[in-house]
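The structure under discussion appears below in the form of structure tokens.
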Number of protein chains: 2
Amino acid sequence: MNRKQQIKPTESELEILQILWASGPATVRTVHEQLSQTKDTGYTTTLKLMQIMLEKQLLGREGSGKTHIYTALVNKEQAQGQMLQRMIETMFNGSAMKMVMQALGSHKASKAELDMIRAYLDQKTKS
Amino acid sequence: MNRKQQIKPTESELEILQILWASGPATVRTVHEQLSQTKDTGYTTTLKLMQIMLEKQLLGREGSGKTHIYTALVNKEQAQGQMLQRMIETMFNGSAMKMVMQALGSHKASKAELDMIRAYLDQKTKS
DNA sequence: GTTCATCTACGAAGTGTTTCGTATTCAAAT
DNA sequence: ATTTGAATACGAAACACTTCGTAGATGAAC
């Protein structure tokens, strides 16, 4: 998807996007079953949310007849990037570094993780 | 402040916290004037928000008589850390590394920034 | 073709957030 | 003491998001 517009899903919408990003296109039923593992809401709630997301063009759908199959219309990396970017701007004065340091500070990162980040940095510096 | 509870300010509340974090304790008037630079809402709106934040114990206040002086009761680093942590969990499968890579990927970090992050990593690995 | 389980559509209630108007209090200046 | 300008308190409207119940459609199984 190619949208200039800011992607700003609500929290519930984001949960649904996560599922679709992870599992690919799916029915309301499937999404609802996954959601049920962590929250306890009715089927029609999930349905309604996904219908609203369809209106907002966060999702697309196909399938005539009884059952519809929904697809995320927003790109995972793009959406994540935008949300991070907003966070960097509003909370860290636009400095990605501050955010990284904060992330690694409060989050107990494993040594392996730290090493991988270092490797990534090295590779990034070279180019 | 020392709270186990999750800090989850709304977007408007966060804007106010930003200002108090940056400027220190301040009156409603002062906060409102700063807010006015980016949004266009009435004075009583800001007042009401800050009163609600007082109830929620996001802010404290002092000053008897006419004017009150409000202070952020939540620690900036702690709040930022929690919000980042949530983001890492919900959007990056709990991997700080993925988030860092995404952040550094979409955000064009300068070489200086990268070096500082590396230095920070080194220091962190030692401990 | 009737029954049944399951799906969609949709209105509307419930809840949380934001906004503002109005009443009241306060203190400084007159 | 009265006036005045600015502050607080607070109810309530406006808005957004979440939740669910009910009605009606659909297709599979009988």
Side-chain angles (χ1 to χ4, degrees), chain A residues 5-20 23 25-72 74 79 83 86 90, chain B residues 5-20 23 25-72 74 79 83 86 90:
Chain A
Q5 198 200 353
Q6 281 278 338
I7 301 163
K8 222 178 168 190
T10 68
E11 209 166 317
S12 298
E13 287 170 349
L14 191 52
E15 288 174 342
I16 290 173
L17 283 176
Q18 302 290 354
I19 291 173
L20 291 176
S23 315
T27 62
V28 174
R29 173 69 48 196
T30 305
V31 170
H32 178 64
E33 261 153 24
Q34 291 212 44
L35 272 185
S36 299
Q37 290 168 11
T38 50
K39 41 173 5 191
D40 189 29
T41 56
Y43 173 83
T44 55
T45 300
T46 306
L47 171 64
K48 180 71 165 186
L49 277 174
M50 291 175 75
Q51 285 172 341
I52 290 171
M53 292 172 79
L54 181 71
E55 271 173 32
K56 293 191 189 173
Q57 312 218 54
L58 291 171
L59 305 185
R61 81 176 175 195
E62 58 177 9
S64 52
K66 196 175 180 179
T67 307
H68 296 152
I69 294 183
Y70 289 80
T71 319
V74 299
M83 290 186 246
R86 269 200 298 275
T90 64
Chain B
Q5 199 200 351
Q6 280 277 342
I7 302 163
K8 223 178 167 189
T10 67
E11 209 166 317
S12 298
E13 287 169 350
L14 191 51
E15 287 174 343
I16 290 173
L17 283 176
Q18 304 289 354
I19 291 174
L20 291 175
S23 316
T27 62
V28 175
R29 173 69 47 197
T30 307
V31 170
H32 178 63
E33 261 154 24
Q34 290 212 43
L35 272 185
S36 298
Q37 289 168 13
T38 50
K39 40 172 8 190
D40 189 30
T41 56
Y43 173 82
T44 55
T45 300
T46 306
L47 170 64
K48 179 72 165 188
L49 276 174
M50 291 176 76
Q51 286 172 341
I52 290 171
M53 292 172 78
L54 181 71
E55 272 173 32
K56 293 192 189 173
Q57 311 216 57
L58 291 172
L59 304 185
R61 81 178 175 193
E62 59 177 6
S64 52
K66 196 175 178 176
T67 306
H68 296 153
I69 294 182
Y70 288 80
T71 320
V74 299
M83 289 185 250
R86 270 200 296 276
T90 64

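Quick note on labels: first sequence line is chain A, next is B, and so on, each numbered from 1.
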Answer yes or no: does a side-chain N or O of B:Arg61 lie under 4.0 Å from OP1 or OP2 of D:dA9?
-> yes
Determine: side-chain N/O of B:Arg29 to OP1/OP2 of D:dA7, distance under 4.0 Å, yes or no.
-> yes
Do A:Ser23 and A:Gln34 have a side chain donor and acceptor closer than 3.5 Å?
-> yes
Distance from B:Leu35 atom CG to B:Gln18 atom CD, nearest 0.5 Å?
-> 10.5 Å
Once you round to the nearest 0.5 Å, how far does NZ of A:Lys56 lie from OG1 of A:Thr10?
-> 5.5 Å
Is the shortest side-chain heavy-atom distance between [X] and [Y] below 4.5 Å?
| X | Y | answer |
| --- | --- | --- |
| B:Gln51 | B:Tyr70 | yes |
| B:Val31 | B:Leu20 | yes |
| B:Lys48 | B:Thr44 | no |
| B:Ile52 | B:Glu13 | yes |

Mind listing the residues from residues 37-53 of chain A sitting with a heavy atom below 4.0 Å of DNA chain C? Number order is fine.
-> A:Tyr43, A:Thr44, A:Leu47, A:Lys48, A:Gln51
Residues in residues 10-20 of chain B with a heavy atom under 4.0 Å of DNA chain C, by number, are B:Thr10, B:Glu11, B:Ser12
Atom-pair distance ([atom1] on [X]; [atom2] on [N]), nearest Å:
| X | N | atom1 | atom2 | result |
| --- | --- | --- | --- | --- |
| A:Lys66 | C:dT8 | NZ | P | 9 Å |
| B:Leu58 | C:dG16 | CG | C1' | 14 Å |
| B:Leu54 | D:dC10 | CG | C1' | 14 Å |
| B:Ile69 | D:dT8 | CD1 | C1' | 15 Å |

N-O pairing of B:Glu11 and A:Arg86 below 4.0 Å | no
